[in-house]
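One structure is given here, and the rest of the page talks about it.
First the proteins, then the strands, lettered A, B, ... as listed; each starts at 1. Only this structure's heavy atoms are used, side chains among them; waters, hydrogens and symmetry mates stay out. What you see is a predicted model; the values in this text were computed from it and never measured.
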Amino acid sequence: MEATIYRSHVLICTGTGCVSSGSGKIKERMVAELEERGLQKEVKIVDTGCHGFCEKGPIVIVYPEGVFYCQVDVEDVSEIVEEHLLKGRIVERLLYKEPLTEESIPSYNEIDFYKKQMRIALANCGRINPESIHEYIAVGGYEALGKALTEMTPEEVIEEVKKSGLRGRGGAGFPTGLKWELTRREKSDKKYLVCNADEGDPGAFMDRSLLEGDPHRIIEGMAIAAYAIGADEGYIYVRAEYPLAIHRLEVALEQAAELGLLGENILGSGFNFNLHIKKGAGAFVCGEETALMASIEGRRGMPRPKPPFPSVSGLWGKPTNINNVETFANVPYIINNGAEVYSAIGTEKSKGTKVFALTGKINNTGLVEVPMGITLREIIYDIGGGIRDGKELKAVQTGGPSGGCIPADLLDLPIDYESLTEVGAMMGSGGMVVMDESTCMVDVARFFLSFTQSESCGKCTPCREGTKRMLEILDRICAGEGREGDLELLEELGNHIKETSLCQLGGSAPNPVLSTLKYFRAEYEAHIKEKRCPANVCEGMKSAYVIDESVCIGCTACTRVCPVDAISGERKKPHYIDPDVCIACGACAAKCPVSAIAQG
Amino acid sequence: MKKLTNPGKICFIFMSKYVKKITSYIMGKGLENMGCVCGHGKESMEEYLAPLRSILNNYPKEERYLIPILQEAQEEYGYLPKDVLREIANYLELSVTQVYGVVTFYTQFHLQPRGKNVIKVCTGTACHVRGGAEVLQALEKELGITSGGTTEDLSFTLETVACIGACGLAPVIMINDDTHGRLTPDKIPAILDMYREQEDKAAAN
Ligand SMILES: Cc1cc2nc3c(=O)[nH]c(=O)nc-3n(C[C@H](O)[C@H](O)[C@H](O)COP(=O)(O)O)c2cc1C
Ligand code: FES
């Protein structure tokens, strides 16, 4: 390890978001600038994982002051070096500005986006270099593993996790300690531990950020779990779409093995644990635990009926415990701080924090970790900074394709596993897609259903055929050919599919349709009865544009932009749009200098 | 004929029309229906499968390694040709049907040649609500292919994925391992040009 003491640290985010916004080039320039001024011995550059605030990337933070610079450009680097690192003056114009007050906020912790968050799983993301095990250890990493192996019996570890109230973050919310106990109880010469990092829900990226930003935390959590259940071999099943996460995991596994934190006789305790990475091959259903195990075994990832549960018969027929990435990320905290501290956070039945991926029509997209029981309003307005372009919130979709849409009037709902299920949505993996008035709820329902439909593995009939029939009906409604009785038929089909499918893919696929039918029925009815899409999204029933003759000045600007030549009229005289030809693209309305064109 | 010792070259030469004509003149019969004279003869096949063999050598003969082997083979060959699948099945003592079943189940595997640059357009939720469809349209227009297709010169393959996990930057596409975010249709041509230039440079070297 290096002995140099640096006077400043410059943290550059190298999460996927910031890398694609250009943080690689910023680092290159920073290295060059520091060398040019001979500062390389005084200022250290640290590559970090995701800060969660991808919207404002690339993000650069300068310590010890903790100054948070956002949307940094390569051209800004020399100014940061010259002004901040040499002269100690903060570069005002690169600071974050609160969207409402326009006020510049110099420090990380003062920004509204971070103020209401509570970072346990994400504690190190953005703070340490994920490719350095020493940095992880320096912030207390692997202490929990040491404590578990040397001071606790496996039973005590399980007891602690049970008392903490931790529940699975992969979707269903099954109590983690209980799951471990069930696997521990099985008698077998071999047991496996699996980490589910398949993260298939579109709109969710917390597992990716955890793996990219703090891979050792997941490894530590897994090692503790393996010790508790008595497994000596484990797999991390990661999506192949996450190349950076896979790379960071590979580096981390190697470093951990080198220091004897993985492998044989860990920390001299006699406990052995070997960990492998398995790359997924692109099938959503492989996130389902029995399908995932079939995939690890080299077969098609098709779910099988449960029981037997994996804790009894999992990988190659051996008892197997499978948990989600975020679930494991909470384990070191619980062991270090004790069950009481953890269970003091959250609601009666849902303890601790949950990471949400905040996306869609919201000002601050990104990853946020909040205590269970926080309201949707706090997440969307206090942390998320409200809706984009000053529009109205219409609904929030949670739980991905298995979840549902929560209407704006339920904004004060405290969020936990139970409350979300009650309103017809789901915690799921934690995707939270915000929708505004310009989103058509029928189109959204169709979007999710077409996703699950194409990902159905085809093994069971209700899911394979039923979702297809539902999708046909929705396609029809969106095309303006909905019929009387369609909505009742959708509900009937949906409920049947939920009850009779083999796995939870089919068991939850109708949720987006059923929940939008419940809260936005009038919107469906407008599509069917009036052949009208109120949000003006559905192709085929967008209403044609009309020119207000009393306002039109006959400038012909509209005729020139119309892609289908629907507009006619003489110069300097009012023009006319042929409603049968108009495709409602809106190009004319955008061009009109006197705002004479609107939808009819 | 014996002088041509490089079997790979034989294949190539016989594929050109010109040579076909000459040979058919010499041999006095049309070669049209015979395809390649070496018919993927034993030698050339061996050469073709050599990289696969060295991949297989790293894996024990167990079913659990089927997917990693397929992934590595596809990286080597760009796709999964029939002969490669047959060889893998032989090695793992599985039926070809079983291997084929696995290959067609996972979206990552391909039975047809693919472009040098693979473009994955995100059609996930966050990208959907922020205009991912228009980005896809722009790519289709610019490349002259539809989603799932490959350009004739094998430079680009266009496909859609459900979520890349960079939803904060929606709409997002991935080209090879690079993520491009906050896209609008008008940014597409410049991005494609970047990859075309890279390819030209690589070709020039
Ligand atoms: C269709 C389907 C997809 C799933 N996808 C995921 C996933 O991507 N990641 C995940 O952790 N769990 C996923 N699950 C849930 C897993 O089956 C399993 O419940 C979970 O990994 C258990 O971990 P936990 O107890 O820590 O939540 C999925 C379930 C279904 C039915
Ligand atoms: S929805 Fe497009 S990256 Fe997640």
Review point. Does one side chain, of B:T157 or B:K116, offer a donor that lies under 3.5 Å from an acceptor on the other?
Key: no
Check your understanding: Which of these, A:N196, A:D207, A:D198, sits in a side-chain hydrogen bond (donor to acceptor under 3.5 Å, both in side chains) with A:N324?
Key -> A:D207
Point to revise | Per-residue contact mode, A:C50 against chain B (heavy atom under 4.5 angstrom) | key: neither
Review point. Are B:Y77 and B:Y48 close enough that their ring centres sit under 6.0 Å apart?
Key: yes
Practice item. Name the option with the most non-hydrogen atom pairs under 4.5 Å to chain A; the candidates are B:V129, B:T179, B:L70. Key: B:T179
Check your understanding: Measuring heavy-atom distances to chain B, does A:V285 have an atom under 4.5 Å in its side chain, in its backbone, in both, or in neither?
Key -> side chain
Check your understanding: From B:K120 NZ over to B:S147 OG, what is the distance, rounded to the nearest 0.5 angstrom?
Key -> 12.5 Å
**Study point:** chain B contacts, top residue of A:S295, A:G458, A:S21 (heavy-atom pairs, under 4.5 Å)
**Key:** A:S295
Review point. Any side-chain donor-acceptor pair under 3.5 Å between A:E55 and A:T365?
Key: yes
Review point. Counting only heavy atoms not in A:Q71, do more than 12 fall under 6.0 Å of its CD?
Key: yes
Revision key, fill the gap. Cut-off 4.5 Å, heavy atoms of chain B, and the answer for A:S438 is neither
**Study point:** B:T125 side chain to A:P202 backbone, donor-acceptor under 3.5 Å
**Key:** yes
Review point. Can you check whether B:M174 reaches B:H180 side chain to side chain, under 4.5 Å on heavy atoms?
Key: no
Review point. Just checking, is any N or O donor in the side chain of A:T16 or A:R208 under 3.5 Å from an acceptor N or O on the other one?
Key: yes
Exercise for review: Would you mind telling me which of A:A283, A:S20, A:A281, A:G17 has the largest number of heavy-atom pairs within less than 4.5 Å of chain B?
Suggested key: A:A281
Check your understanding: How many angstroms lie between atom CG of B:L80 and atom CD of B:Q71, to the nearest 0.5 angstrom?
Key -> 10.0 Å
Review point. Checking A:Y242 against chain B: side chain, backbone, both or neither under 4.5 Å from a heavy atom?
Key: side chain
Point to revise | Selection from A:P243, A:G301, A:C54 maximising heavy-atom pairs under 4.5 Å formed with chain B | key: A:G301
Study note, to complete from the structure: Pair count under 4.5 Å, heavy atoms only, with chain B: among A:G282, A:G360, A:C457, highest is A:G282
Exercise for review: Against chain B, label A:L367 side chain, backbone, both or neither, depending on which of its atoms sit under 4.5 Å from a heavy atom there.
Suggested key: neither
Point to revise | Options A:G52, A:G280, A:A245, A:A357, ranked by heavy-atom pairs under 4.5 Å with chain B, top entry | key: A:G280
Review point. Measuring heavy-atom distances to chain B, does A:M206 have an atom under 4.5 Å in its side chain, in its backbone, in both, or in neither?
Key: neither
Review point. Chain B: which of A:R388, A:K278, A:E455 shares the most heavy-atom pairs with it under 4.5 Å?
Key: A:R388
Exercise for review: Heavy-atom distances under 4.5 Å only: say whether A:F284 touches chain B with side chain, backbone, both or neither.
Suggested key: neither
Practice item. Let me know if B:E63 has heavy atoms under 4.5 Å from chain A in its side chain, its backbone, both or neither. Key: both
